[in-house]
Amino acid sequence: MKKNIEIATILRKIGYLLEMNQENDNNSIFKVRSYKRAGEAIADLPSNIEDIYSKEGLAGLLNIHSIGKAIAGKIEEYITTGKIQYFEKLRSENNINIDEFYRLESIGPKTIKIFHDNLNVKNLSDLEKAAAEGKIRKIPGFSQKKEESIMKKIQLFKKGRERYLIGEVYPLIKQIEERLSGFEGVSKAIATGSFRRMKETIGDVDYLAVSDDPKKVIDYFAAMPEVDEVLGKGQHKIFLRLNNGMDADLLVVPKESFGSALQYFTGSKQHNVAVRKIALAKGFRLNEWGVFDNNDNNRIAGSSEEEVYRILELDWIHPEMRENMGEIELAKKGKLPQLIQYNDLKGDLQVHSNNTDGTMSIEDMALAAKEKFGLEYIAITDHTKSLKLTNGLDEQELIDQANKIKEINDKIRQGFYYKEKEDNNLNNMQNSVHDKQDITKSGQNNFQILSAAEVNIMKDGSLDISNNTLDKLDVVGAAIHSNFAQTIEVQTDRLIKAAQNPSVDIIFHPTGRLINKREGYQINVDKLMEVAKDTNTVLEIDAHYDRLDLKEEYIRKAVQNDINLVIDSDAHHPVHFAFLKFGIAQARRAWAGKSDILNTLSVDRLLNNLK
DNA sequence: GCCGTTTTCGGCCCGACTGTTTTCAGTCG
């Protein structure tokens with residue numbers, strides 16, 4: 001997806017350059033928007049733009065919303081030549097280095113142009129120098145205050161803004177949400193934005209609260225212990241930076257606007273723009289305060305999201321789907337897919353114990369899975385011998401572990417030894433990503449631990465444990481943990497070989513990515529999926545928030561091609577079962593249903609469906 | 001420059017906040 005980012009960046013920069021030089025005629029304003037919108041569209045594209053072009057050519061590019069003839073041509077030019085002449089020309093004409101400027105917050109192209117024309121500012125360090133020397137305040141329309149604010153923005157930019165992994169910030173976001181909910185005079189409070197859509201990374205968090213006294217709530221929010229700095233404050237809204245560096249916004253509305261505000265604040269932006277266009281076509285106006293009839297300006301909906309969508313003749317759309325990726329058309333026709341629910345999983349097929357790199361015993365992991373997360377089964381998938389770092393198990397140790405698991409299962413069936421351990425180990429789960437709602441059901445006596453392994457796939461695609469041994473286990477997952485830097489052909493062959501192995505049930509974290517850290521190894525996912533389908537091999541969605549592997553694009557592909565999937569926590573500690581929700585969210589974002597995910601089945605049916 | 005239940009021209013989502021504006025432009029989400 002490197003090309004997607006490159007192209008999106010160029011399109012945004014074209015928009016920026018055009019805006020910088022825009023004379024105030026309307027045509028160019030909309031031209032600027034077109035380039036920016038096209039940039040967003042490419043950035044949000046779930047598939048690789050090079051693939052689209054190689055398979056469908058120019059027509060494939062034109063199929064992308066917001067991409068028309070002119071921009072499609074420029075994308076084609078970039079894919080085939082590595083350059084866009086139009087962009088090069090604009091850039092050379094301008095003599096301003098916008099590579100830094102275009103990412104600077106609250107200082108836009110118009111302001112930069114003024115600095116250039118007045119002070120010959122060409123890059124960020126010029127601007128910093130001009131501000132430090134007090135030259136900004138001398139420009140008409142600027143002031144010392146503005147100059148100071150610019151200085152601050154530059155410092156902030158230098159620190160670098162990043163997106164946070166959802167699992168990293170989940171506890172903090174929930175904690176603030178709960179506190180807001182409990183504040184006097186607040187009848188509802190909820191974290192919205194990309195957090196509510198459960199994106200794998202979160203840029204900032206947007207809170208919505210219902211209250212008749214917005215000022216009181218805003219002041220309370222500003223005074224929270226997690227607040228580093230208040231960035232802006234108005235009658236209904238406040239923007240601030242938390243001391244972990246993340247920005248948080250709060251919007252306070254009356255209860256009759258809750259639904260429209262929730263819809264507005266949840267986004268995505270693209271989804272909202274599309275929904276507002278539908279409102280407009282019906283003679284309505286949609287904003288955070290409600291749906292209004294343009295004829296008499298009366299509010300006709302707004303207290304609930306359902307009401308807002310209903311008046312636009314749309315079914316209510318799950319937040320995870322709101323990306324303007326076709327969900328609105330389906331909602332119009334009443335044909336939205338049934339998504340897997342957050343309490344649909346019955347088991348977890350990748351769980352580690354302290355026999356290798358886990359931190360707790362098999363019994364402790366099982367106890368947590370059963371009592372705290374309401375699961376009916378887990379597979380203990382410790383690493384195998386070639387993974388020396390984790391003290392991986394050899395053949396004999398795997399067999400011994402499987403025998404021990406049988407004994408534990410017997411004890412569980414007899415209702416043995418769980419109760420007294422419960423309180424000691426599991427009561428300290430606050431501040432984790434564990435929610436109350438994670439506990440969906442509990443108290444079954446039919447809990448089962450499956451003997452299993454996370455077998456290491458060697459450089460040549462063979463496994464480090466004999467099939468003879470693996471066939472004695474209930475479940476076998478295979479994964480790559482070494483030799484990442486192979487060609488795409490070699491890497492794909494490795495995984496295909498593993499999938500073709502009759503003992504391998506599941507390929508764990510198939511692409512090896514670590515979000516924000518590591519791209520993952522190169523593989524031809526289409527080929528792997530073909531083989532997975534032919535051999536009835538399951539592909540995993542590893543729900544650990546730094547992996548979420550398969551990613552959304554591939555899950556979508558798997559769902560479309562009827563490839564069996566499972567969602568596993570990759571738990572190394574009992575609290576990690578809470579990660580399952582991130583995997584479920586990822587599946588929901590890819591429109592997966594319950595039937596696409598095998599570990600929504602009971603243990604017997606699951607085992608019948610494996611190789 | 002893009003787009004189509006006002007369909008190949010004439011529109012283009014919408015409002016909050018900031019600064020210094022006494023009515024608005026710039027920026028953001």
Side-chain angles (χ1 to χ4, degrees), chain A residues 11 14-16 18-20 22 24-41 61-75 86 101-115 136-137 139-150 153 192-194 203-206 208 214 218 230-240 247-253 257 260-261 263-292 294 312-313 324 329 332-333:
Chain A
L11 293 174
I14 290 175
Y16 192 101
L18 289 173
E19 191 172 7
M20 207 159 64
Q22 174 211 321
N24 280 329
D25 69 288
N26 279 347
N27 278 338
S28 61
I29 292 172
F30 293 109
K31 189 167 161 181
V32 165
R33 285 192 202 164
S34 291
Y35 274 100
K36 287 187 175 177
R37 206 168 46 229
E40 302 305 320
L61 300 179
L62 286 166
N63 263 337
I64 303 166
H65 199 83
S66 307
I67 307 295
K69 258 187 177 171
I71 294 181
K74 292 185 176 68
I75 295 173
Y86 180 62
F101 284 147
Y102 100 108
R103 287 183 294 154
L104 207 52
E105 285 216 14
S106 4
I107 305 168
K110 307 270 187 187
T111 316
I112 295 298
K113 182 74 159 69
I114 293 171
F115 294 152
I136 303 281
R137 69 182 77 170
I139 302 173
F142 288 81
S143 63
Q144 185 175 350
K145 200 168 177 187
K146 187 106 191 179
E147 190 174 80
E148 281 162 6
S149 134
I150 285 168
K153 300 288 180 197
T192 68
S194 55
D204 61 2
V205 54
D206 306 303
L208 172 66
I218 281 171
V230 174
L231 304 171
K233 199 164 131 179
Q235 282 181 289
H236 311 282
K237 254 184 187 174
I238 173 167
F239 316 96
L240 48 77
D247 285 354
D249 304 346
L250 169 68
L251 172 67
V252 186
V253 298
S257 294
S260 45
Q263 198 282 330
Y264 155 75
F265 236 21
T266 297
S268 67
K269 194 175 164 185
Q270 302 295 339
H271 175 90
N272 285 358
V273 168
V275 171
R276 282 178 189 168
K277 279 184 184 164
I278 290 176
L280 207 62
K282 292 187 187 302
F284 305 150
R285 195 174 75 252
L286 168 61
N287 58 40
E288 56 265 55
W289 305 103
V291 183
F292 298 86
N294 278 335
L312 303 177
E313 296 180 80
N324 197 25
E329 289 72 17
K332 215 180 275 177
K333 295 183 205 148

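Every chain is numbered from 1, with letters handed out A, B, ... down the list of sequences.
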OP1 or OP2 of [N] under 4.0 Å from side-chain N/O of [X]:
| X | N | result |
| --- | --- | --- |
| A/Lys237 | B/dA16 | no |
| A/Ser66 | B/dC2 | no |
| A/Trp289 | B/dA16 | yes |
| A/Asn272 | B/dC13 | no |

Return the value, rounded to whole Å, for the distance between atom [atom1] of [X] and atom [atom2] of [N].
| X | N | atom1 | atom2 | answer |
| --- | --- | --- | --- | --- |
| A/Ile75 | B/dC2 | CD1 | C1' | 13 Å |
| A/Leu18 | B/dC2 | CG | P | 12 Å |
| A/Glu40 | B/dG1 | CD | C1' | 15 Å |
| A/Leu312 | B/dC13 | CG | P | 15 Å |
| A/Leu250 | B/dG29 | CG | C1' | 15 Å |
| A/Lys31 | B/dG1 | NZ | C1' | 7 Å |
| A/Phe239 | B/dG19 | CZ | P | 12 Å |
| A/Lys110 | B/dG26 | NZ | P | 5 Å |

How far apart are the closest heavy atoms of [X] and [Y], and which atoms are they?
| X | Y | answer |
| --- | --- | --- |
| A/Arg276 | A/Leu286 | NE-O, 3.4 Å |
| A/Tyr86 | A/Tyr35 | CE2-OH, 3.6 Å |
| A/Ser260 | A/Glu288 | OG-O, 3.1 Å |

Would A/Phe30 pass as stacked on B/dC2, i.e. its ring centre under 5.5 Å from the base's six-membered ring centre and planes under 30° apart?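 It does not: the two rings, one from A/Phe30 and one from B/dC2, miss the stacking criterion.
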So that I can tick it off, tell me whether A/Glu40 and A/Lys269 are bridged by a salt bridge, with the cut-off set at under 4.0 angstrom between side-chain N and carboxylate O. no
Paired to B/dC17 by Watson-Crick or G-U wobble criteria (both distances under 3.5 Å) is B/dG26
Scan [X] against the nucleic acid and name what it touches under 4.0 Å (heavy atoms): base, sugar-phosphate only, or nothing.
| X | value |
| --- | --- |
| A/Leu251 | nothing |
| A/Leu104 | sugar-phosphate |
| A/Gly141 | sugar-phosphate |
| A/Lys277 | sugar-phosphate |
| A/Phe142 | sugar-phosphate |
| A/Ser149 | nothing |

Requested in this report: Answer yes or no: does atom CD of A/Gln235 have more than 12 heavy-atom neighbours from other residues, nucleotides or ligands under 6.0 Å?
Outcome: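 Open: at most 12 neighbouring heavy atoms sit under 6.0 Å from CD of A/Gln235.
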Considering only heavy side-chain atoms of A/Arg285, the closest of B/dG29, B/dC14, B/dC17 is B/dC14
